[in-house]
Amino acid sequence: MKDSDSNIKYNNRPQSLNGFEEMVEFLPATNTKKVEKMSAKQKLIIAGVVVGAVLLSLTAGLLVWHFAYRNAPVQKVYSGYLTITNYNFIEAYENSSSPEFAQLSSKVIDLLQNAYKSDPAIGPHFIQCNVTAFSEGSVIAYYWAEFSVPTYLEATLDKGMSELKVQTSLLRKLNSLSVNSFVAYPIEVNTARSFRDNNCLYSLHSSPGVSTTFNTPGFPNSPYPANARCQWSLRADAGHMILLHFRTFKMEPCKTPKGDYVTVYDSLTAVEPRVMVKLCGSYPPSYNLTFVSSQNVMLVTLVTDNIGKHPGFMAEFTQIQKTTLCGGNLRDAKGEFSTPFYPAHYPPTRECMWDIQVPGDKFVKLQFLMFYLFEPGVPTTTCPNDYVEINNKRYCGEKSSFVVSNNSSKIVVKFRSDQSYTDTGFMARYVSYEPKNPCPDQYTCKSGRCIDQEKRCDGWNDCGDSSDETACVCSDIQFRCKTSQVCKPRFFLCDGVNDCGDGTDESECKCPDKFLKCRNGKCYPEAQKCDKTDNCGDGTDESQCDEVVVTSCTEFTYKCQSGQCITKLNPLCDGVNDCADGSDENAATCNCGKRPYSRKTRIVGGVNADEGEWPWQVSLHTAKDGHTCGASLVSPTILLSAAHCFQDVPGLRYSDPNVWTAYLGLHDQAARTTSKDVVKKKIKRIDANRGFNDFTYDNDIAMLELESPVSYTDLIQPICIPEKTHIFPVGKSIWVTGWGALAEGGTGAQVLQKAEIRVINQTECNKLLEDQLTVRMICAGYVSGGIDACQGDSGGPLSSVETNGKVYLAGIVSWGEGCARRNKPGVYTKVSAMRDWIKEKTGL
């Protein structure tokens, strides 16, 4: 409703309307004594009044729209830069308070004013302009200009400003300035709102060999200010480039379109075409936030709203010698090459070409080990901005490892980046091979990749193009997909995931139409779903209903602290009070499973975990073996691990708490004694489950008590313990982490590793493992092959990220047949099945 309508009310009082006066009375239709007929003349008069009123309203509305809206002035601020070719940069131009700066900026302002006023589309709206900085090249002047323009002329002004660089050719020498480029872009609203505010502006110049540090106001002792606009102008000496690295970045979670964000520009003014990156949210210290400028200047801006309190960032920058070296002639039999300054983000406006030719009569092929050339909103099919070009084909976006081969000894690789949005780039390897035998003693993929022969027809897409899984005969532990005819492991059957792509693996698992499949395999009519009766017998039909109801207690229902049971599936700590007594959302119980950093989709370095990504992960050390087992933090004093880690062997009593040291907040084993984020604790008590069977590994769980409570930090947090009714469905993605061996029989990892695996159908898994599973075990396997827990991961967490964002301890690394063997999934202690034991031993 418009503001002008807000006071209109209907009543039975006379209203004056264009000189006509009429009584209108609203009465009940049943009051026939009050209802009177009107003459034709009266009807005509009323119709005329109505038409006149409508026309008058339309006229008034048009006038209001024209003067109040169409002609309403809009503030427009443009930011830009121009290049002055007949001046050389001097040090005094860097100081905005110097006489030299004032003299040259006066000339630039005069030039801008003349240019604006000479253009009829621009001049009438001009208010003021100002020069903010100069830099080398010969001299680049950075400026802003303010205008006030009617709404309906806003597009005309934008067009005039974009074309002004053409029209200024006649003005270039009016005041002794020769200009060969003229660029201006509208400033986004959040930045323009306070462009005159100089309270949070900083100018920094790096010194050779020295890192210059800067941070948001108040960091780290207080949050950055609300409703702020800050900017840091970074400079390096002439002939140098800037290397910028964010050491800490903790800001408000990303919001669209408003919120707090940091923007880095390859310029000294905030223009969209020179944006290198926009950042918001929180990043772990190990994430790659390193950027390289194309010239010796860079601008960092901070824009904040009025919501939230967050620490902000700390960054450092250094100057590096400017170089255009990129590409070259590669003539060895094999070698590696990468984008400039890899793994830092490559600089803008860069072109490279590698001319690769291997010796002799061999052929050459490339393997891209890492490939990140992604730009927001840019299609990866045509790759118009940043790209790698090989054999007239462009590659961009984010890609897993891939191979490009050439049927000759020579190949040319071109790389190009435009002036905005840089990325990590690529790391590639080239090798030579015999044309007749491209993969000696291995299988040759259609793509040119080489894989071990035993990976052929094993159900895993090792080639990346599935060429190793075509024309195969399925084994007795596999099934064949209908459309692709590819063989897949049988434990993918009925796991709720469409592995075949055509639903073959899930087609035999469904109930008839209009029937619901229960978790126990029974089928019941969908009409019985959410009828407040447990028709399935396992609660499936009542567990995901809009209404949570109290029901009789069974092994499948969640029990509130009051003793009442409810129908909802996994209600604990889901952010909704489902129990009448609120016990499912108890603050003490639910202060768990939180990760301080937003999860990012990429990690430079493969399967390395980020710092703080798994803050409940604990490393257990012995003086003799170093890192020996993993564990999970579940309270300030309690760890959960595997019982088999604490079984005595000749010469060493692993059951003795004094043997063990726990490291919390650890990421890199090499830094456990030097990092201030790592907390070292002795073990006070070990309580391994007395039912542990060292032959079957049943009941493989142990509780450890720390000598003193640990304080929670960004890198140290507890994981949630699931209730015994918590369901981790078959097919669910789940994560295993640890510092165990990277290969069977190999050495342990230095940096914490992570692997995404999947909960596997218990029946199918039991077939693969020859009936060795018990109800206290959960089976989980790799989805891409070659990834699994291994020696040294024992006792560590199997972490499940739930829809509410919290993370639950689904399992404890227990046992497996070797490491990452095909069709030999890992087995984990099922924590929900051990819930009563955990409560008995810990009180949690």
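Only this structure's heavy atoms are used, side chains among them; waters, hydrogens and symmetry mates stay out.
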Aromatic plane relationship, F371 with F368 - under 30° parallel, 30 to 60° tilted, over 60° perpendicular: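 Taking F371 first and then F368, their aromatic rings stand perpendicular (interplane angle over 60°).
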Backbone N or O of [Y] within a donor-acceptor pair of the [X] side chain at under 3.5 Å?
{"X": "T85", "Y": "S178", "result": "yes"}
{"X": "D355", "Y": "V412", "result": "no"}
{"X": "N296", "Y": "A236", "result": "yes"}

Between [Y] and [X], is there a side-chain donor-acceptor contact under 3.5 Å, judged purely by atom types and distance?
{"X": "E146", "Y": "Q75", "result": "yes"}
{"X": "T424", "Y": "N288", "result": "yes"}
{"X": "S135", "Y": "Y142", "result": "yes"}

Test side chain to side chain donor-acceptor pair (under 3.5 Å) applied to T323 - qualifying residues, sequence neighbours left out: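 Applying side chain to side chain donor-acceptor pair (under 3.5 Å) to T323 gives none.
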Results of side chain to side chain donor-acceptor pair (under 3.5 Å) for D714 - residues two or more places apart only: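 Testing D714 for side chain to side chain donor-acceptor pair (under 3.5 Å), a comparison that skips the adjacent residues, returns K250.
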Residue pair E351, K414: steps toward the salt bridge (Lys or Arg N to Asp or Glu O under 4.0 Å) verdict: CA-CA 7 Å; E351 292 189 2; K414 297 178 181 179; over 6 Å; no
Interatomic spacing from CD in Q419 to CE in M276 - rounded to 0.5 Å: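 Nearest 0.5 Å value for the CD-CE distance: 12.0 Å.
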Inter-residue atom distance N385.CG - E375.CD, 0.5 Å rounding: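 The CD atom of E375 is 4.5 Å from CG of N385, to the nearest 0.5 Å.
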Does the gap between the ring centers of [X] and [Y] come in under 6.0 Å?
{"X": "F426", "Y": "W354", "result": "yes"}
{"X": "F101", "Y": "Y93", "result": "no"}
{"X": "Y185", "Y": "W144", "result": "no"}
{"X": "F147", "Y": "Y116", "result": "yes"}
{"X": "Y346", "Y": "F415", "result": "yes"}

For T339 against G425, the heavy-atom pair lying closest together: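 Nearest heavy atoms, T339 then G425: OG1-CA, 3.4 Å.
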Derivation of the salt bridge (Lys or Arg N to Asp or Glu O under 4.0 Å) call for E163 and K159: CA-CA 6 Å; E163 296 175 349; K159 186 174 184 294; 2.9 Å; yes
Q321 atom CD, over 12 foreign heavy atoms within 6.0 Å: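 Counting other residues, nucleotides and ligands, CD of Q321 exceeds 12 neighbours.
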Test: E154 and K76 ion pair at under 4.0 Å: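 Yes.
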Salt bridge (Lys or Arg N to Asp or Glu O under 4.0 Å) pairs, two or more places apart, involving residues 213-226: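 As it turns out, there is no salt bridge (Lys or Arg N to Asp or Glu O under 4.0 Å) pair with a partner in residues 213-226 once direct neighbours are skipped.
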Ring-face cation contact, Y387 with R394, 6.0 Å cut, 45° max: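 Output yes; distance and angle both within limits.
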